[in-house]
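Notes to accompany the following structure.
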There are 2 protein chains.
Amino acid sequence: MDNDATIINALRKKGYKATAQRIAISRFALTSREHPSARRICREIRDTHPTVSLATVYKTLQVFKELGLVNQLTFPEEEARFDSYVKPHLNLICEKCSNITDIEDQSAQEVISAAKNARFVVSGVRIDVRGICQKCAKRDGTFQGSK
Amino acid sequence: MDNDATIINALRKKGYKATAQRIAISRFALTSREHPSARRICREIRDTHPTVSLATVYKTLQVFKELGLVNQLTFPEEEARFDSYVKPHLNLICEKCSNITDIEDQSAQEVISAAKNARFVVSGVRIDVRGICQKCAKRDGTFQGSK
DNA sequence: ATGCTTGCAAATCCTTTGCATAGTC
DNA sequence: GACTATGCAAAGGATTTGCAAGCAT
């Protein structure tokens with residue numbers, strides 16, 4: 001696996017050890033499009049590493065955050081979700097199905113420019129749009145006025 | 001107080017009672033620019049209502065959220081902060097001093113447009129920019145590339 | 001070998017809940 | 001007067017921490 005090598009290097013470069021758990025977690029967390037929670041990741045990893053603990057998953061995700069490999073999205077009354085798409089983008093968060101979809105759009109850059117114009121030294125961006133995704137809107141007959 | 005009348009009406013319209021605690025909380029939480037946490041609000045309110053409990057503050061903030069009067073901003077490892085500026089805007093979040101500054105910018109509308117173009121039914125937006133505010137950058141000698 | 005990591009359990013912190021009392025409409 | 005809100009204490013849930021044993025380097 002070539003991606004494994006990338007993670008292993010990223011870890012070692014910062015003095016972290018490349019353990020089997022960390023690599024397994026990276027395989028899922030850094031490729032999944034579903035913005036998994038720590039519990040979700042733990043369940044997944046246990047398929048191949050039955051002994052991993054939730055604590056280890058949390059610790060590993062902290063390391064990944066430090067390495068700039070994931071962003072942590074927190075929500076009221078819900079567990080945090082981890083996003084491996086770290087470039088500026090929009091999170092479309094469906095209030096029905098809880099899916100989160102990343103979309104690229106130039107408005108993300110415009111947000112950054114606006115902050116810089118306000119003399120702010122930008123280190124990161126989080127853009128969430130809450131609402132109903134297309135799938136749920138169709139299913140439930142929620143109609144959308146255009147524009 | 002004219003603002004009090006507004007809150008009282010908003011509460012009653014939805015079947016909530018206009019208690020002294022709720023009015024006191026609204027006076028601070030809905031006018032403060034500092035994005036206070038529940039604890040912060042509780043401390044403030046106790047100056048005039050020494051018996052208010054943190055639980056009441058949390059319950060009241062839930063009501064205000066329901067009424068669309070505040071947004072709740074959650075963060076990793078920190079308490080939630082409440083934002084009474086409910087129109088789409090940018091939150092500039094300083095990682096040094098923890099201050100949050102709201103700024104208006106058209107990029108907020110562009111974010112919404114982008115979501116709509118993706119066939120998403122928008123109900124709310126949260127735009128956070130993390131970094132260092134102008135004050136802290138000056139104080140600490142953090143230099144900013146202009147752009 | 002050395003020191004970081006794991007996994008368990010316990011601890012922590014924020015937030016919510018249950019319930020008797022008090023206040024609002 | 002009926003019903004909701006308050007305030008206390010206790011519960012809840014996500015995340016973190018301490019520590020002995022196990023790995024990576």
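Note on naming: letters A, B, ... go to the chains in the order of the sequence lines (proteins, then strands), and numbering restarts at 1 for each one.
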Worksheet entry | Pairwise distance CD1(B:I100) to SG(B:C133) - rounded to 0.5 angstrom | 11.5 Å

Could I get a table of every N or O pair under 3.5 Å where one atom is in the protein and the other is in nucleotides 11-15 of chain C?
residue	atom	partner	partner atom	Å
C:dT15	OP1	B:A80	N	3.0
C:dT15	OP2	B:Y58	OH	2.1
C:dT15	O5'	B:Y58	OH	3.2

Worksheet item: For A:E78, which residues count as a salt bridge (charged side-chain N to carboxylate O under 4.0 Å, His left out) partner, sequence neighbours excluded?
Response: none

Fill in: Close residues, residues 8-21 of chain A, relative to DNA chain D [heavy-atom separation under 4.0 Å]
A:R12, A:K17, A:A18

Item to complete: State, to the nearest 10°, the angle formed by the axis through the first five base pairs of the helix from C:dA1-D:dT25 to C:dC25-D:dG1 and the axis through its last five.
Response: 40°

Worksheet item: Within this structure, what is the CG-to-C1' distance between B:L61 and C:dT16, rounded to whole angstrom?
Response: 13 Å

Worksheet item: For A:F75, which residues count as a ring pair (Phe, Tyr, Trp, His ring centres under 6.0 Å) partner, sequence neighbours excluded?
Response: none

Discussion item. Measure NE2/A:H49 against P/C:dG7 and give the value in whole Å, please.
Written reply: 9 Å

Worksheet item: Does the A:N91 side chain pair with the main chain of A:I93, one donor and one acceptor, at a distance under 3.5 Å?
Response: no

Discussion item. Once rounded to the nearest 0.5 Å, what's the spacing between atom OG1 of A:T74 and atom CD of B:E77?
Written reply: 10.5 Å

Discussion item. The criterion is side chain to side chain contact (heavy atoms under 4.5 Å, CB included); which residues satisfy it with B:A108, sequence neighbours excluded?
Written reply: B:P88, B:L90, B:I127

Item to complete: Taking side chain to side chain contact (heavy atoms under 4.5 Å, CB included) as the test, write out the residues that go with B:Q134, two or more places apart.
Response: A:R119, B:K138

Fill in: Residue pairs involving residues 11-22 of chain A (criterion side chain to side chain donor-acceptor pair (under 3.5 Å); sequence neighbours excluded)
A:Y16-A:E66

Response to the item:
The side chain to side chain contact (heavy atoms under 4.5 Å, CB included) partner of A:H35 among A:N71, A:N99, A:D102, A:V70 is A:D102

Worksheet item: Of all nucleotides in DNA chain D with an atom under 4.0 Å from a non-hydrogen atom of chain A, which is the first and which the last going 5' to 3'?
Response: D:dA14 to D:dT25

Worksheet entry | Shortest non-hydrogen contact from A:A38 toward A:V57 | O-CG1, 3.7 Å

Worksheet, complete the sentence: With sequence neighbours left out, the residues meeting side chain to side chain contact (heavy atoms under 4.5 Å, CB included) with A:S32 are A:F28, A:E34, A:P36

Under 3.5 Å, which donor-acceptor pairs do the side chains of residues 49-56 of chain A form with other protein atoms, sequence neighbours left out?
residue	atom	partner	partner atom	Å
A:S53	OG	A:T56	N	3.2
A:S53	OG	A:T56	OG1	3.1

Response to the item:
salt bridge (charged side-chain N to carboxylate O under 4.0 Å, His left out) filter on A:R126, not counting sequence neighbours, yields A:D128

